[in-house]
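Owing to the predicted nature of the structure, the values given are computational and were not obtained by experimental measurement. Computation of the quantities below employed the complete heavy-atom set of this structure, encompassing side-chain atoms and omitting hydrogens, waters and symmetry-equivalent molecules. Labels below follow one simple rule: chain letters A, B, ... track the order of the sequence lines, proteins then strands, and each chain is numbered from 1.
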Protein chains: 2
Amino acid sequence: MAKRRAETMEENRSKLIAAARKAFADKGYAAASMDDLTAEAGLTRGALYHNFGDKRGLLAAVVHQMDSDMAARAQMIGATAGNDWQALLAEGAAYIEMALDPEVQRIVLLDGPAVLGDPSQWPSQGSCLQATRQTVERLIAKGIVRPVDPEAAARLLCGAALNAALWIAASDNPKTVLPKAIEAFSCLASGFLVKAV
Amino acid sequence: MAKRRAETMEENRSKLIAAARKAFADKGYAAASMDDLTAEAGLTRGALYHNFGDKRGLLAAVVHQMDSDMAARAQMIGATAGNDWQALLAEGAAYIEMALDPEVQRIVLLDGPAVLGDPSQWPSQGSCLQATRQTVERLIAKGIVRPVDPEAAARLLCGAALNAALWIAASDNPKTVLPKAIEAFSCLASGFLVKAV
DNA sequence: TAATTTGACATACGGCGCGTATGTCTGATA
DNA sequence: TATCAGACATACGCGCCGTATGTCAAATTA
């Protein structure tokens, strides 16, 4: 039987996003050819421009998907922590680990900001940023964390985690530096506590 | 009188770097045309490829220049601070303020990492990173800061400062959020102290 | 100083990739 | 069943990068 119209369209969108995710991660955004990646998905550039407008639009869709995945994961990890403070630390560690994925680094952390602009302006709000900010707000309300600007705190924490991840990924043996990074992150974060550990 | 050979060459290099800096900051790396920016400098693409190899080489030269300027500035500011701890905070604040410059953001913080890779792999070592790391090492030696990995601490601090700058720049009224960012940064950094403030 | 060489830069060429305009064919609608 | 709409394919033009080749002034040597 013939498929519904919207059905195949959604399939094609998914195929294009998947191919783009692979191509962008593999060759980088600039070097990825639209002809190649659409062919990889069994389609042509016509489908691409019809669905996403232009190359940037495709990147935006890919970033949105990855960002949403990361947000969901961060949310889960935060929810399973013992208390809110540990949730914050766990989210940070999770973010560092997620950022170790080469796909995440290349697409979300490097090409994404360069092509689409600052992550906080993205529709998805920058995944981890959102989760971190909410956690910080809870901690401030409970008097555990100093009354700093939650947005500022979240941005700084995520920024620290992100750079930690880039550092680890660029290092010779990631296994040994990962714990150092997480320890340093914990130290840093503890600066927000009302009373020191 | 006829100019020396090396002299004019150095002049041309400077003119190209200056034009590139302007073009990259204005249009972004990808959208900047080599023909246009070389014409702006009164030269052609021939000079460019002879001096810098390719477009990436030109960006690297521009980044190196800006990075060196930033390092020198950070060094100066750190040196004029009362003590080492205040030097660290001052360097962080200085980094945030420098990163508010649109040219720095676009070229050093966005396109630079996307095109050239992680800043810590750059020949210039990532300006502020170097200065921050040295300051952290001094503070650890004096027992003021906990014995964390200096490299990790420097990366986290610089990452936090960088993201603070991106946040401020994207905000509606930078003037009001700048102090919030600096306050949050001080809190964060104090997490590294042996005894809390 | 005159001839020769070097090399910094200009010019010319080929190819690729993006974006748009136009065409086509299938699934929806009446 | 006939018409329409829209998702996707095809065709075209333009701009830009990188390289190969040419040129001319400055440096070198005798």
- Hydrophobic cluster membership, B:Met34 vs B:Leu116, 4.5 Å side-chain cutoff: yes

- Message: For D:dC8 and A:His50 - does any side-chain N or O of the residue sit under 4.0 Å from the phosphate oxygens OP1/OP2?
- Response: no

- Query: After noting the C-alpha distance and the side-chain angles of B:Arg155 and B:Asp118, does the key distance pass the salt bridge (Lys or Arg N to Asp or Glu O under 4.0 Å) rule?
  - Reply: CA-CA 12 Å; B:Arg155 297 246 9 168; B:Asp118 187 75; 3.1 Å; yes

- Message: With rounding to the nearest 0.5 angstrom, report the CG to CG distance, A:Leu48 to A:Leu37.
- Response: 6.0 Å

- Between C:dA8 atom C1' and B:Glu10 atom CD, what is the distance in whole Å? 13 Å

- Message: Just the rounded figure in Å: distance from C1' of C:dG27 to CD of A:Glu11.
- Response: 15 Å

- Take atom CG of B:Leu58 and atom C1' of D:dC17, then tell me their distance rounded to the nearest Å. 13 Å

- Check: A:Asn173 side chain, A:Lys175 main-chain N or O, donor-acceptor pair, under 3.5 Å: no

- Message: Once you apply a heavy-atom cut-off of 4.0 Å, does B:Leu43 come out as touching a base, just sugar-phosphate, or nothing?
- Response: sugar-phosphate

- Query: With respect to the phosphate group of C:dC9, does any side-chain polar atom (N or O) of B:Asn12 fall under 4.0 Å of OP1 or OP2?
  - Reply: yes

- Item | Atom-pair distance (CG on B:Leu48; C1' on C:dT11), nearest Å | 15 Å

- Query: Between A:Arg106 and A:Asp101, is there a side-chain N and carboxylate O pair less than 4.0 Å apart?
  - Reply: no

- Query: With distance as the sole test, does A:Asn51 use its side chain to make a donor-acceptor pair with the main-chain N or O of A:Ala47 at under 3.5 Å?
  - Reply: yes

- Distance test, side-chain N/O of A:Asn51 to OP1/OP2 of D:dA7, below 4.0 Å: no

- Note on the structure: note: A:Leu16, atom CG; D:dA7, atom C1'; distance rounded to Å ~ 12 Å

Every protein N/O lying under 3.5 Å from an N/O of nucleotides 14-21 of chain C:
from, atom 1, to, atom 2, distance (Å)
C:dC18, OP1, A:Ala32, O, 3.1
C:dC18, OP1, A:Met34, N, 3.4
C:dC18, OP1, A:Lys55, NZ, 3.1
C:dC18, OP2, A:Met34, N, 3.1
C:dG19, OP2, A:Tyr49, OH, 2.5
C:dG19, OP2, A:Lys55, N, 3.4
C:dG19, N7, A:Arg45, NH2, 2.6
C:dG19, O6, A:Arg45, NH2, 2.2

- Query: Do the charged groups of B:Arg133 and B:Glu137 touch, with an N to O distance under 4.0 Å?
  - Reply: yes

- What residue pairs, at least two apart or across chains, pass side chain to side chain donor-acceptor pair (under 3.5 Å) with a residue in residues 23-43 of chain B? B:Asp35-B:Arg45

- Query: Donor-acceptor pair, A:Gln86 side chain versus A:Ala81 backbone, under 3.5 Å?
  - Reply: no

Polar pairs (N or O, both sides) under 3.5 Å between protein and nucleotides 22-24 of chain D?
none

